[in-house]
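So the structure is just underneath, and the comments pick up after that.
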Amino acid sequence: MKMIQFRKFRVLILMVFLIACTMHIMIDLLPKLEKRAAGPGTVGNSGCSCSHRPSEEPQSWGKQRARTGAESGWPDKHTLRILQDFSNEPSSNLSSHSLEKNTGPADKTEAFKRLDHYPQHGNIEKQFIQDMNTNDNQPAKGYSKLNALFEHTLYKIQVPGVIDEDTLFNVNTDIRFNPKAADNPEWQNEGNDEEEYVPTGEPSADSYPNWLKFHIGINRYELYSRHNPVIDSLLKDLVSQKISSVAMKSGGTQLKLIMTFQNYGQALFKPMKQTREQETPPDFFYFSDFERHNAEIAAFHLDRILDFRRVPPVAGRLVNMTKEIRDVTRDKKLWRTFFISPANNICFYGECSYYCSTEHALCGKPDQIEGSLAAFLPDLALAKRKTWRNPWRRSYHKRKKAEWEVDPDYCEEVKQTPPYDSGSRLLDVMDMTIFDFLMGNMDRHHYETFEKFGNETFIIHLDNGRGFGKHSHDEISILVPLSQCCRVKRSTHLRLQLLAKEEYKLSELVEESLLRDKLMPILIKPHLEAMDRRLRVVLKVLSDCIERDGYNNVVENDLDSATANTITSTR
């Protein structure tokens, strides 16, 4: 009798289990059945693969937000990742053990689908080029040399007319940027929902995150436009956005971290390794020197003042090593290198070719550390870049010299080699040479360009961490390309002459610009004064070239006649 009751109990338990499983399956299928019953033509639900209307928030989003810390209404963490990269290899952004590296083809396909949520808009330049005075971290009131500089005629030269072929992303024709093609148009930004959509119901251009606006603004002639307010907004984001994940960047000689923000932007973090007063020891080789976070910040501001605009935006940030690195990283290799020093400071050292050991650990005080954050360029999957070997690349050998160091006529050979035999590439290398000499950067072994624009485009000035190492020494060998080739753009030559004048003194302009950074002061006085001294050296080299070869053979006129006449009359 007891055996029969026991068997009945077992059957009852099994039936309850089967009923519970059936109800669970029906609950999961109910939204799809409701959608199928409603039909594809139902208003507000067309093309949506979810059970909610496009204007509603998915019921499961609350759990996802609690898990990821993302803002309400934003796509998942892989949605925008494909737009960003900083290196030459698509897979080199993350270390081999980072969980974020496991984005397969299916994830990329989904990412491209979600990119369809980006709204169409007309003239990008008209929307983005507004009043520049949006930064609340401006210098003190009164006369501003920096503002006066940007009002000068030389800083109002217009780039050639930009057509679709000259833009990195043709957002008006690319289906990825068409909101009508989106399966689930839930793109939202932080703020008031009433401001997110235009009267037609489509997201407005203002709802783009600032890093995406920066990417869309890139064209054949410039990385960003001269008075683009998005750049100042992006600099603020680099300092204030919540860090949602951290991973080591593979490759390179020294430790660098990839930080992903709550708005899905990414930046390259270079931690502080030396104080601002420390100079590079005289016996150090250029290829084994420390990379400096403040050099990356200063290089961006110097590049902007020279009007090259070829360095991605960089800002300084004070990072909490515990809450903003250790607690959010899923990179096991990085996490395992954290320890507490005898002075009770939080330290870590990561993995890299140089200076990644307990002897060269990065320690906070007790857990705060300075660093530079450089905004990522668009991912190589969307905007391929070509890497070029610098013709004046150093040997990176302790004893051997490069060909240009022993052959005074080396430039003649370069001039006959594509792409330096035509177009503006050789002149762009001269710009880069002047830029590096002013910083004292000897480490320019390669440079990159956007593949879409072919050879007729600007050089991207990446990786400037070895600049501003010595203020007491001017490395004349950096200027060898300029002294051998004796070529320069007229616009560059005129700006250099302008920055040598007392009313537009380069050191004072850079100092004023750096006051905008949260980690100010970025450069000590001797480094600022060294730039003025080096500028005079550059102008002396060009003066000698002009005296020997003639003005027209040295200075390439890249200005149209009307602009040239205007500049001449205002000098």
Side-chain angles (χ1 to χ4, degrees), residues 85-90 92 168 218-224 249 251-254 256 268 270 286-287 291 295-296 298-300 302-304 306-314 374-380 383-396 402-405 410-411 413-415 417-468 475 477-482 484-485 487-489 492 538 558:
D85 192 3
F86 193 86
S87 63
N88 194 40
E89 295 296 331
S92 65
L168 196 59
I218 299 172
N219 60 59
R220 180 186 299 275
Y221 308 105
E222 54 193 2
L223 196 59
Y224 55 90
K249 182 182 183 300
T253 58
Q254 300 184 35
K256 293 179 279 288
L268 191 74
K270 289 190 177 182
Y286 49 87
F287 49 83
E291 293 184 1
E296 292 285 358
F300 165 71
L302 174 61
D303 177 83
R304 202 176 189 180
L306 293 171
D307 202 43
F308 294 153
R309 289 170 284 118
R310 298 165 192 168
V311 175
V314 185
F376 268 32
L377 294 174
D379 190 274
L380 295 173
K384 292 182 180 179
R385 301 196 299 275
K386 186 169 182 177
T387 301
W388 303 81
R389 181 187 176 99
N390 184 358
W392 283 270
R393 180 184 187 270
R394 296 177 184 274
S395 65
Y396 288 83
E403 184 180 352
W404 59 268
E405 294 181 278
Y410 176 76
C411 185
E413 180 182 340
V414 174
K415 289 178 180 179
T417 306
Y420 308 102
D421 59 344
S422 63
S424 62
R425 180 61 59 82
L426 184 65
L427 295 168
D428 285 341
V429 171
M430 297 302 108
D431 286 348
M432 184 173 65
T433 296
I434 295 168
F435 174 62
D436 284 336
F437 179 71
L438 293 174
M439 293 191 298
N441 178 26
M442 302 172 66
D443 190 41
R444 187 70 66 186
H445 44 84
H446 291 86
Y447 64 84
E448 295 184 20
T449 60
F450 287 107
E451 190 174 288
K452 176 181 178 179
F453 304 135
N455 293 337
E456 295 299 321
T457 187
F458 61 90
I459 290 172
I460 309 171
H461 296 166
L462 294 175
D463 199 5
N464 306 295
R466 287 202 173 106
F468 299 104
E475 184 55 52
S477 65
I478 301 174
L479 271 186
V480 166
L482 188 65
Q484 285 186 348
C485 296
R487 297 297 304 276
V488 70
K489 294 178 183 176
T492 300
V538 174
D558 60 329

Is the side chain of Arg310 donor-acceptor paired with the backbone N or O of Phe458 at a distance under 3.5 Å, no angle test? no

Which atom names give the shortest non-hydrogen contact between Tyr420 and Val414, and what distance separates them? CB-O, 3.4 Å

Is it true that a side-chain atom of Gln254 and a backbone atom of Glu291 form a donor plus acceptor pair closer than 3.5 Å? yes

Can you tell me how far apart NE2 (His446) and CG (Leu462) are? Round to the nearest 0.5 Å. 12.5 Å

Hey, could you give me the CD1/CG distance between Ile434 and Leu306, rounded to the nearest 0.5 Å? 8.5 Å

Does the side chain of Arg220 come within less than 4.5 Å of Leu168's, by heavy atoms? no

Side chains of Met442 and Arg466: closer than 4.5 Å at any heavy-atom pair? no

Taking the side chain as C-beta and beyond, is there a heavy-atom pair between Cys411 and Trp392 under 4.5 Å? yes

Using modelled atom types only, decide if a donor and an acceptor are shared between the side chain of Arg309 and the backbone of Glu222 within a distance under 3.5 Å. no

Check this for me: does any side-chain nitrogen of one of Asp436 and Arg444 sit under 4.0 Å from a carboxylate oxygen of the other? yes

State, to 0.1 Å, how close Asn441 and Gly467 come at their nearest heavy-atom pair, and which atoms those are. CB-CA, 4.0 Å

Nearest non-hydrogen partners of Phe435 and Val311, listed with the distance: CZ-CG2, 3.9 Å

Between atom CG of Asp379 and atom CZ of Arg385, what is the distance when rounded to the nearest 0.5 Å? 8.5 Å

For the salt bridge (Lys or Arg N to Asp or Glu O under 4.0 Å) test, which of Asp307, Asp431, Asp558 pairs with Lys489? Asp431

CG of Asn464 to CG of Asp303: how many Å apart, nearest 0.5 Å? 8.0 Å

Can you confirm whether more than 12 heavy atoms, excluding those of Lys384, are under 6.0 Å from its NZ atom? no

Got Asp463 and Lys270 here, is their nearest side-chain heavy-atom distance under 4.5 Å? yes

Minimum heavy-atom distance His461-Pro312, with the two atoms named: O-CD, 4.2 Å

Set out, in order, the CA-CA distance, both residues' side-chain angles and the distance that settles side chain to side chain contact (heavy atoms under 4.5 Å, CB included) for Val480 and Phe437, then state yes or no. CA-CA 10 Å; Val480 166; Phe437 179 71; over 6 Å; no

For the residue pair Thr492 and Phe308, what are the closest heavy atoms and their distance? OG1-CE2, 3.9 Å

So, Glu448 side chain and Thr387 main chain: donor-acceptor pair closer than 3.5 Å or not? no

Nearest atoms (heavy-atom pairs only) where Trp404 meets Gln484: O-NE2, 3.2 Å

Do the rings of Tyr447 and Trp388 sit parallel, tilted or perpendicular, given the 30° and 60° boundaries? parallel

Give, for atom CD1 of Ile459 and atom CG of Leu427, the distance between the pair rounded to the nearest 0.5 Å. 10.0 Å

Nearest 0.5 Å, please: how far is OG1 in Thr449 from CD in Glu456? 11.0 Å

Does Thr433 reach the main-chain N or O of Leu479 with its side chain, forming a donor-acceptor pair under 3.5 Å? no

